[in-house]
Amino acid sequence: MPDDFDYSAFISQFITECREHLATMNTDLLALESDPTNVDTLGEIVREAHTIKGAAKMMGAEAIAALAHEMEDLFGEVKDGKKKLEAEATDNLFTEFDRLGGLLDDFAASGTAGQDSCSAEETAPPEAPAEPPVTPVAPLKGVGSTAPGEQQKAASRKAPIGNGSTAAKIQPEETVRVSSKKIDDLANLAGEMVINHIKQQDRATVIKEMLDTYQYQELRMRALRDRARVLRVEDDMRIELDEIEAGRQSMEKALVRLKRSLREDASQGDMLIRQLTLEVLSARMVPVATLFDTFARPVRDLAKQFHKDIELKIEGGETEFDRRMIEVVGEPMIHMIRNAVDHGFEEPDVRAEAGKPPRGTLLLRARQEGEYVSIELSDDGAGIDLDKVKAKAIAANLTTAENAALMSEDELIQFLFQAGFTTSEIITDISGRGVGMDVVKRKIEELKGMVYLKTELGQGTTIVLKVPLTLAMARVMFVIAGGQQMGIPTTSVEEAIRVDSSQIKTIEGREAIVLRDHAVPLMNLATGLGLPASEAGDKTYAVILNLGDRRLGLLVDRIVGEQEVVIKTLGPHFNELRNISGATVLGSGQVVLILNPPDLMAVSFVPTSVAAGTGERAPMAAAKRILVVDDSSTIRELEKTILISAGYEVDEAVDGVDALAKVAKNSYDLLVVDVQMPRMDGLTFTEKIKADERYSDIPVIIVTTLEKEEDRKRGIAAGADAYIVKKAFDQANLLSVIEQLIAA
Amino acid sequence: MTDKEIQQILHDRATRLARTEASEHEEQMRIIVFGLNGERYGLDIENVVEIFTPEKITPVPGSPAAIMGVTNLRGDIVTVINLGSALGLSLTKNDTGRPVILGINGAITAGLLVDEILGIWDIATSTIDPPLNTIDKVKAEHLTGEFKLADDLVGLLKASNLLEVRENA
């Protein structure tokens, strides 16, 4: 374990554990008073003392360790029959047990570990450690009188160091160990209370309706009383009416009061439940050190395997976040650590030659940033050679040499996150194969987190993971599609709109809707998920998803409402499952699935022939740049959406003149051109491009409504590389043509 | 009486009745026996957590055919496997109201949807024969043996593959 490891996060756990063991020892000693030779009891005491000793050593609490050690020895000898436990000795032993308890208190109060200033063996140096104020731990009064004989000598040897326990004592927080299952159950219940609470709030609307009725009745009653007066009905009848009105009024008042108090209760309940949820979730928070700690061994083992010399340093280990988050983040982190050890660090002699300390440092740093925890993993190794990345990307046909030359460092780094990309010369059995950075990125993004990578040649690489503190709660919009209720995280929902079937246009083979001048592709949620399509009425709803630059409208039957829910993961059976990220349990006990918008987005843009197949993601093309030339903004938008989702970078031009200007300014891998456009048509534009030797290599696809054979010939004559008729146009076709042309 | 108590009583009764099936000294295996598609199957009680009847099973689009969906068991989400389809039997129609055996194998838990629970018996391991080699491949993968109970042949299932829903290549 690294020297500067921060133990403070474990102190309370350590104290709790030791107290439990000490309690057992006390019980055992009581039992020994009446049955001093019971081997089982003696055995247990020895084990308990041994455990305390071990834990104390880990924590650097030497005084505790020493005392526990002596107890272990003593009871061991009694157990082996080498010593006898005298009646008066047990009294002393109880005192010693208490003293051990006192040492634990002091240790807890000192608030630190690793700098245990009351080491029994050596005198603490006078200068204070470079840590925040540390209360000196109570000194030993002398480990003696535990037993007759040599124990006494041992005691005098380990004499006190000086009295230092005068500083104010911080009472350690009392802790109870609770199984994480119980806390998960509590979190579940808290989540269900939220749902129940929302239901209760609905009741308030019932009262409001009642009130409306009563107020309407007042008008009718007034009219009735007026008529009674005008008609001069008998007095007793008018009195009757007055009494009914009085009754109605008091009822109305009562309802107003009820409504008000219900609202007050609701707002208070809201606050309490919010607080409860937060508290329960915070109970599930654990220091990130519990994760970092587990990396010490793999780092050591991997370093050995790859003949590296690496020191693991941990900072911010006390940063807390959701235990469930820690479970999920662990795997990608291990992968990154393997990468760092294998590829990142140089061999010691190489490091020495480069003027670096032969021993490399792997730093894990955690820090809370608002609602996020940022975890940094940095090595002071060789760094990533971005020129190599560039060469590799070109060799793997992920980009062209010209494009690569223009790419920024950040753009080049993005290649590292692509499937199957590795900069390693040889594929080693650890990080060359198996999960790559693309998997790390996907995992982190599934947690709604982010991944950044910084690297400097010769200096090292830093990878930053930013993940939310907790993933338990989310706000979802409930919809019904294909007869099934499902939730969509509202973070991805831009709006929900009512759609008339006449508004749904088929633009170039796929359904879309025009929203404020932008075409938004549509997907029927039911059929998209493979559920039976529901009877389509004239009106339906579209939930518009927005993920940065991409939008998708999900057609659903009905929108049920929005709720804050506890998201639960589905079991391991669904690890490979796309489109669904989890589930929540409604107040009724029904399980409702939560959709995963990024997956839906990806599926919706996979060419239909592929989508019907294995459900695997279509291979993403690299960031090639395409210019879309069309005078219709709808078509531009649509083509752009299709191309972007296939991984291309897309620019737009409104006509041939605009396109020529753009081609002169930027470099493109391909041009998608409409024929009929103002100012300069597509055929003329194509002729100009093909005539200019600077651009003649750029493939041109003509997309047009013109279907006549002679037009086609004109297009070919103009130099177009492909000619797609809009009627036959579908995105699969377009993408496959583009792929062919770009790969060529 | 709670469900647990009822189950305990039924369990005790079944155990008493079962005494006749195996003598005291033989090595025994406690097996839960259930009916499925007119056939009898059994599972080692070691792999059984509890039996419950889910109110509603939510289908999960895109999951393997053998998975019926997920259901709620006291706030936990449990995967329900259609045992009939996992064994390649013809599908049974009525899915609601049927009992689910919550099975466990290592870290994997899943519910097995069956037609009816017949009881729990102690069976002498010596009376458990290897499965017939005439059974088809799908079944063979999930069966570890078979034994006679009264006049019925009971197929003893192994929990491992079943609960994981390994898809047949």
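All chains are named by letter (A, B, ...) in the order of the sequence lines, taking the proteins before the strands, and each is independently numbered beginning at 1.
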Participant: Name the member of B:Ile67, B:Leu73, B:Ile77 that forms the most heavy-atom pairs with chain A at distances under 4.5 Å.
Facilitator: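 Counting heavy-atom pairs under 4.5 Å, the top option is B:Ile77.
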Participant: Sort B:Val60 into side chain, backbone, both or neither according to what part of it lies under 4.5 angstrom from a heavy atom of chain A.
Facilitator: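 Both backbone and side chain of B:Val60 come within 4.5 Å of chain A.
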Participant: Test side chain to side chain contact (heavy atoms under 4.5 Å, CB included) on A:Leu570 and B:Val70 and set out the steps.
Facilitator: CA-CA 8 Å; A:Leu570 295 177; B:Val70 287; 4.0 Å; yes
Participant: By a 4.5 Å heavy-atom criterion (distance strictly below it), what part of A:Leu577 contacts chain B: side chain, backbone, both, or neither?
Facilitator: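 It is the side chain, since no backbone atom gets that close.
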Participant: The test is side chain to side chain contact (heavy atoms under 4.5 Å, CB included); show your working for A:Val479 and A:Ile559 and say whether it passes.
Facilitator: CA-CA 4 Å; A:Val479 299; A:Ile559 289 165; 4.0 Å; yes
Participant: What do you reckon, is CD of B:Glu46 surrounded by more than 12 foreign heavy atoms closer than 6.0 Å?
Facilitator: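 No, CD of B:Glu46 has 12 or fewer neighbouring heavy atoms, counting only those of other groups under 6.0 Å.
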Participant: Is the backbone N or O of B:Val114 less than 3.5 Å from a side-chain atom of B:Arg98, with the two atoms forming a donor-acceptor pair by type?
Facilitator: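 Flag set: sc B:Arg98 to bb B:Val114 pair under 3.5 Å.
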